[in-house]
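The structure appears below as structure tokens.
Sequence lines set the chain letters: A, B, ... in the order given, protein chains first and strands last, and positions in each chain run from 1. For clarity, every value in this text was computed on a predicted model and none was experimentally measured.
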Protein chains: 2
Amino acid sequence: MSKPDTSPASASNGGEHKVSRASVGRFSLYLRHLERLQREGLQTISSGQLGDALGITDAQVRKDLAYLGSLGQPGIGYQARELVDALRAYLGIDRQWATVVVGIGNLARALLRYRGFERQGFRFAALFDTDPAKIGERVDGLEIRGLDAMARIIKETGAELGVIAVPADAAQEVANALVAAGIRGVLNFAPTVLRLPSTVRLVAVDLAVQLEQLAFLVHLGQDKPIGP
Amino acid sequence: MSKPDTSPASASNGGEHKVSRASVGRFSLYLRHLERLQREGLQTISSGQLGDALGITDAQVRKDLAYLGSLGQPGIGYQARELVDALRAYLGIDRQWATVVVGIGNLARALLRYRGFERQGFRFAALFDTDPAKIGERVDGLEIRGLDAMARIIKETGAELGVIAVPADAAQEVANALVAAGIRGVLNFAPTVLRLPSTVRLVAVDLAVQLEQLAFLVHLGQDKPIGP
DNA sequence: GGATGTGAACGACTTCACAGCG
DNA sequence: CGCTGTGAAGTCGTTCACATCC
């Protein structure tokens with residue numbers, strides 16, 4: 001009665017690559033910042049500059065980037081272009097990811113409206129909801145469908161990622177249906193802990209937990225500043 | 001040119017309590033699950049049961065709960081009631097937290113609609129937006145105000161937490177205004193890294209990063225399951 | 001000089017394993 | 001006997017410091 005066998009809490013374990021899990025989150029930040037700098041015409045950047053912009057130490061940046069290979073030039077820094085390409089390839093977003101969304105409330109609409117996703121290779125392929133009043137409605141050019149159409153449409157579109165934005169009490173059921181339809185990764189916004197087979201990857205974003213974490217930090221910190 | 005001095009990436013450091021940062025997130029999960037069990041009439045629970053429900057090992061649960069004091073009874077388990085009280089006190093949500101939201105788009109509306117927050121002691125005290133078309137509109141019983149009213153209203157309401165749900169290019173400016181108005185903690189949803197003075201706590205929820213993390217895990221894991 | 005890449009030290013978190021209590 | 005609390009061991013992630021290269 002202990003070792004969890006299905007994917008636990010917040011993100012499921014990966015293979016045996018040598019990257020620290022934490023660094024993957026930073027890769028996304030590096031990438032976004034670099035793309036911005038590139039648009040501004042910058043071509044070269046050092047670990048110190050990158051770190052300063054993101055609130056990370058230079059050593060950490062170098063350790064992270066070393067996973068991508070020896071891209072840096074001593075005395076110079078990194079070529080933004082090269083880094084961007086390497087990061088996109090490493091993260092697996094050098095291709096399209098067809099994504100479906102279940103539960104088309106305000107949260108889903110916020111996601112659908114955010115244009116940053118397509119730029120990073122995510123393409124919304126279908127929307128689902130149980131509410132008969134919503135079915136048939138078009139959001140962002142996509143028609144909302146009933147859950148009964150899910151298995152078929154996921155197969156037709158070849159969607160691999162699913163976003164769950166339904167109330168907590170419906171989330172596990174929706175997750176099961178997504179898994180049954182062949183989805184390979186789930187992004188869960190419902191305030192509940194999902195159990196998935198270990199072949200399906202899970203990332204959970206629990207807004208209630210985040211807000212409580214903030215309250216805790218403020219509660220704890222009271223007046224004192226941080227630092228050593 | 002290295003050690004970041006303002007609050008970095010995803011969550012700002014706290015004081016010197018002995019709790020691991022990671023465990024704080026789990027505390028919220030414990031609390032929510034326990035409250036549910038309580039509503040179902042359960043009174044006693046063991047570390048193994050709690051862990052199983054949340055995908056955590058029993059040892060981890062005991063280590064976490066030990067920070068709250070010696071609440072467990074060997075051979076029996078924990079009293080749900082006692083745990084809930086201790087968790088709420090520990091997290092600092094045994095009181096009200098007046099919270100303001102800036103940027104009233106779909107994301108903000110999703111938060112405002114979620115009833116779980118008030119149950120945990122969060123009370124939305126005011127809403128702000130720059131869009132003249134939205135100012136004056138009522139959402140969830142609250143009137144949307146312009147940013148110019150922010151400093152005054154935050155002081156009047158005594159709000160301590162601020163949620164940023166504006167586009168990336170406006171986020172830092174909004175954060176500065178919140179800090180100037182005396183806010184003590186910021187929950188940032190904008191896809192950018194904020195810099196805040198070290199007296200102000202920060203929790204960042206970067207949806208683009210989460211989705212990319214999921215793609216990475218699927219990309220990486222390809223077919224193989226997890227396990228050792 | 002300026003910046004990278006990296007072993008080694010350090011620190012944080014998790015799991016093990018078991019004594020001890022109800 | 002079942003379950004807690006906790007040192008000890010183990011694992012993971014970050015920082016330091018420096019040899020190395022342009």
Of the candidate nucleotides D:dT14, C:dG5, C:dT14, which contains the atom at the shortest distance from the side chain of A:Gln60?
D:dT14
Between P on C:dA3 and CD on A:Gln49, what's the gap in Å once rounded to a whole number?
7 Å
Distance check needed: D:dG5 P versus B:Ile76 CD1, whole Å only.
12 Å
Look at the rings of B:His219 and A:Trp97 and say which category their plane angle falls in: under 30° parallel, 30 to 60° tilted, over 60° perpendicular.
perpendicular
What is the separation between atom CG on A:Asp58 and atom P on D:dC16, rounded to the nearest whole Å?
9 Å
Hey, does B:Leu68 reach any base, or is it just sugar-phosphate, or nothing, if we go heavy atoms under 4.0 Å?
nothing
Check the distance between C:dG5's P and A:Gln73's CD and give it to me in whole angstrom.
9 Å
Using a heavy-atom cut-off of 4.0 Å across all strands, would you classify B:Leu65 as base, sugar-phosphate, or nothing?
nothing
Pick base, sugar-phosphate or nothing for B:Ser47, based on heavy-atom distances below 4.0 Å to the nucleic acid.
sugar-phosphate
Using 4.0 Å as the upper bound for N to carboxylate O, is an ion pair formed by A:Arg95 and A:Glu160?
yes
Can a salt bridge be assigned to the pair B:Glu40 and B:Arg36 using a cut-off of 4.0 Å between side-chain N and carboxylate O?
yes
With a 4.5 Å cut-off on side-chain heavy atoms, are A:Arg201 and A:Arg184 touching?
no
Here the distance between atom P of C:dT14 and atom CG of B:Leu54, to the nearest Å, is 14 Å
May I ask you to say what B:Gly75 touches in the nucleic acid, namely base, sugar-phosphate or nothing, with a heavy-atom cut-off under 4.0 Å?
base
Could you state the atom-to-atom distance from CG of B:Leu83 to P of D:dT4 in whole Å?
10 Å
Nearest whole angstrom, please: distance from the C1' of C:dT15 to the CD1 of B:Ile56.
14 Å
Atom-to-atom span, CG of A:Asp64 to P of D:dT15 - whole angstrom
10 Å
Counting only side-chain heavy atoms from C-beta out, which of C:dG5, C:dC21, D:dA17 sits nearest to A:Tyr78?
C:dG5
Nearest listed nucleotide, side chain of A:Arg62, among C:dT4, D:dC3, C:dT15
C:dT4
Would you classify B:Ser70 as touching base, sugar-phosphate or nothing, given that sugar-phosphate means primed atoms plus P, OP1 and OP2, and contacts are heavy atoms under 4.0 Å?
sugar-phosphate
Minimum-distance nucleotide (side-chain atoms of A:Lys63 versus C:dG7, D:dG7, D:dT4):
C:dG7
A:Arg88/A:Glu35 ion pair, N-O < 4.0 Å:
yes
